Amino acid sequence: MEVNKEWKEKNQEYLKELQIFLDKAQNIENEELKLEIIGQMLRCDEILTKLAINEINKNK
């Protein structure tokens with residue numbers, strides 16, 4: 001079942017902080033390290049999103 005993620009995808013504070021992270025990561029000269037760091041952050045974000053969705057579904 002697809003869950004509406006507008007609560008995350010349209011949150012201006014979240015988007016601002018994500019952009020700051022990506023801007024800083026862009027300055028990492030070592031391309032492999034940069035991709036590892038961005039990938040790890042995205043995995044953490046995915047886990048946190050799944051946890052939030054589970055909590056939202058429990059409280060419906």
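Because the structure is predicted, anything quoted here is derived from the model rather than measured.
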The criterion is side chain to side chain contact (heavy atoms under 4.5 Å, CB included); which residues satisfy it with Leu42, sequence neighbours excluded?
Ile38
What residues form a salt bridge (Lys or Arg N to Asp or Glu O under 4.0 Å) with Lys58, not counting sequence neighbours?
Glu55
Test side chain to side chain contact (heavy atoms under 4.5 Å, CB included) applied to Leu35 - qualifying residues, sequence neighbours left out:
Glu31
Got a list of side-chain donor-acceptor pairs under 3.5 Å for residues 17-29, not counting sequence neighbours?
| residue | atom | partner | partner atom | Å |
| --- | --- | --- | --- | --- |
| Gln19 | NE2 | Asp23 | OD1 | 2.8 |

Sorted by chain and number, sequence neighbours left out, side chain to side chain donor-acceptor pair (under 3.5 Å) with Gln40 holds for Arg43
Residues passing the side chain to side chain contact (heavy atoms under 4.5 Å, CB included) test with Glu9, sequence neighbours excluded, are Lys5
Output a table of donor-acceptor pairs, distance under 3.5 Å, between side-chain atoms of residues 44-54 and any protein atom two or more places apart or on a different chain; print 'none' if there are none.
| residue | atom | partner | partner atom | Å |
| --- | --- | --- | --- | --- |
| Asp45 | OD1 | Tyr14 | OH | 3.1 |
| Asp45 | OD2 | Lys8 | NZ | 2.6 |
| Asp45 | OD2 | Tyr14 | OH | 3.1 |
| Thr49 | OG1 | Lys8 | NZ | 2.5 |
| Thr49 | OG1 | Asp45 | O | 2.8 |
| Asn54 | ND2 | Lys50 | O | 3.4 |

For Lys10, all residues meeting salt bridge (Lys or Arg N to Asp or Glu O under 4.0 Å), sequence neighbours excluded:
Glu6
